[in-house]
Visitor: 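Sharing a structure, written as structure tokens. Questions coming.
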Amino acid sequence: MTAAVLVIVGLGAMLLGYRFYSKFIAEKIYRLDPGFRTPAHAMRDDVDYVPTNRIVLWGHHFTAVAGAAPIVGPAVAVIWGWGPAFLWVVLGTIFFSGVHDFGAIWASVRNRGQSIGALTGDVVSQRSRVVFMVVIFLLLLMVNAVFAVIMATELMGTPSSVIPVWSAIAVALVIGVLIYKMGVGILWPTVVGTIVLYAVIYLGEIVPITLPESFLGLGPGPQWILILFAYAAVASMLPVWLLLQPRDYINGIQLFIGLGLMFGTVLVANPTVVAPMLNTDVPAGTPPIFPLLFVTVACGAISGFHGLVGSGTTSKQLNKETDARFVGYLGSLGEGSLALVSIIAVSAGFASLAEWQGTYSAFGQGGLGAFVAGGSRIISDGSGLPLAFSATLLTVMAVLFAGTTMDASVRLQRYIVQEWGALYRIPLLTNGYVATGVAVAACLVLAFGAGGASGTGGMRIWPLFGTSNQLLAGLTLMVLSTMLVKLGRPSRYTLVPMIFVTGTAFLSALQQLWSLFVTGQYLLVVLDVLIIVAAVLVMLEAAGALMRERRARAASAATAVS
Amino acid sequence: MSPTGPRGDRLLAVIGRWARTAGDLLSEYYQAPYRRAVAQARRDQDDLFMILVFSDLMGVPNPATYFTLELQPVLLERFHEWHTRMGMAHSPLEGLKCC
């Protein structure tokens, strides 16, 4: 089997999904109406609610949802062989993620652009809204802890990437100042910034940077984690126009360049897939494929985070309701294609099966490191760039994606802490600095607490992150199913995915509970218990809401007959 | 006639048009997700500036009042918008009755 076949089959299936399945969902289930006045028109304020060109909207919806997570998840999950991960990414994208992302936008558009969190309160019940807030906080906590550990590992593993990664921040600051303080047009800063970003990769190769072996008793890994959180705290306090906005923008451009480069070089080099289709000889300690595959692939197939983006910002800018299919469904295909690239890099980027087995020597050993190792070989073979340069290039891209996600989620966590401060009348927590401190401290406790003083607990948290992310998707699908039952339309297209994702999340959490308990990871045991409670509540709420709606419909039908 | 000739001019015009379209799309892509955050940041900055301009009226001595005095009528409309946003139906300042 060669990698090009996987690309063609995978992308082909996803495009067929867009052409036929999403059309069916759009016409028969969500019943999009081109004449419907979307919130962007009805509530236009030129700030939040602005009708936007659908290609531009797709661009920033896709780049907002895609990050390092769809790369890491599949790259870890290939330990069970490429077959299961490939199937779940392709089928999950077509039948789960697409319907979920598209649905979140549709539900929000039909409800004055409200976010899924607010809709959970309105459509289902106020109790489920509280569950929603708790799941989001857990999710953000885990995203930050995991990404800090992953970035630290990459910065240690590829010292040549240190200068390019931090230079990207300088490039972003310059772009921010040029655009807002000097009124320069966007085109030239983009072109020059991108060129500078790639040029400093050479500088990174010449001047690799490593941190001291021990500083105040901490190894290089924990040192990087502390530096990254210090940076994230500062970044989340800076004005958004100065750092976050240009950084997001540069990342978006990088994402398109990176995807193009990877797909292009896979087709040119067409490497052979060396990983087994189904790995029957998994290393000792690897959890069972069912149900862990689903939460490990995480964002590669379905992600609750997409619903937050879709209903938070995208729905307020939709020009026509019918654009929801293009933006939402195609946005999730973009994410799926990133996951596909990741699977190909880690299963066809190694020279032999033995080398692959050497990398996948234990659960959690794959991940971003394997993606960079495999992907850089493919890029090098396909484009003729030197191997070391390709490795630095991919590391820089991956760290930038993870970094931007971390910037944004530390900021979101700060907002949640401030909101709690206001809700429970604790004025201290409403202070921006205090709230940021609390958010960062919570992440640090998790990053260090889960992995001891070495601060390498990230990969142990990964399946838990996947579980809470999937639970969030379950909540969104629950809102969609309830809406559909209310409207008297078939709800099985969202209900079956909801039962499946919530069920696998619940089973995974149970499975992990035991293994975390046995290994003495008590902090994670507590988190896991919280997730299990949330999963049970989601299922109970969903059952309650659906029964209520069904009964209400039956009652109104009976009155109509009599 | 330009040194590139009419064909060259046409080509340059086409390239210019493309660059403008690309610039517009990129600029929209840059602005769209952050409109709210930027508007908020701008409002915070404007509020601070307004406090500086009206500080003398509130009893806070400001050495620059001589210069900021003539800005007061210009900012009056925004002052009205500010006090209603802050939950005060009428102007909180004695000497400044905007409504």
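Chain naming here is simple, since letters A, B, ... match the order of the sequence lines and numbering starts at 1 in each. Keep in mind that what you see is a predicted model, and the values were worked out from it rather than measured.
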Visitor: Hey, is the main chain of N319(A) close enough, under 3.5 Å, to the side chain of H41(A) for a donor-acceptor pair?
Guide: yes
Visitor: Tell me which of these, I253(A), D248(A), T313(A), L57(A), has more heavy-atom pairs under 4.5 Å with chain B than the rest.
Guide: D248(A)
Visitor: Is A37(B) close to chain A through its backbone or its side chain, or both, or neither, when contacts mean heavy atoms under 4.5 Å?
Guide: both
Visitor: Would S315(A) and S108(A) count as having a side-chain donor-acceptor pair, cut-off 3.5 Å?
Guide: yes
Visitor: Considering only heavy atoms, which portion of Q40(B) lies under 4.5 Å from any heavy atom of chain A: side chain, backbone, both, or neither?
Guide: neither
Visitor: Tell me, out of N53(A), I55(A), T63(A), who's got the most heavy-atom pairs with chain B below 4.5 Å.
Guide: T63(A)
Visitor: Is chain B contacted by the side chain of V240(A), its backbone, both, or neither, given a heavy-atom distance below 4.5 Å?
Guide: side chain
Visitor: Go through L187(A), D48(A), T52(A) and name the one with the most non-hydrogen pairs under 4.5 angstrom from chain B.
Guide: D48(A)
Visitor: Against chain B, label D45(A) side chain, backbone, both or neither, depending on which of its atoms sit under 4.5 Å from a heavy atom there.
Guide: neither
Visitor: With sequence neighbours left out, which residue pairs that include part of residues 14-24 of chain B fulfil the side chain to side chain donor-acceptor pair (under 3.5 Å) condition?
Guide: none
Visitor: For the interface with chain A, which of A19(B), A22(B), A32(B) has the highest count of heavy-atom pairs at distances below 4.5 Å?
Guide: A32(B)
Visitor: Please name all residues satisfying side-chain hydrogen bond (donor to acceptor under 3.5 Å, both in side chains) with R425(A), sequence neighbours left out, ordered by chain then number.
Guide: none
Visitor: Flag the pair Q245(A) / Y30(B) as yes when at least one side-chain heavy-atom distance between them is below 4.5 Å, and no otherwise.
Guide: yes
Visitor: Could you check whether any side-chain heavy atom of S97(A) comes within less than 4.5 Å of a side-chain heavy atom of H306(A), counting everything from C-beta outward?
Guide: yes
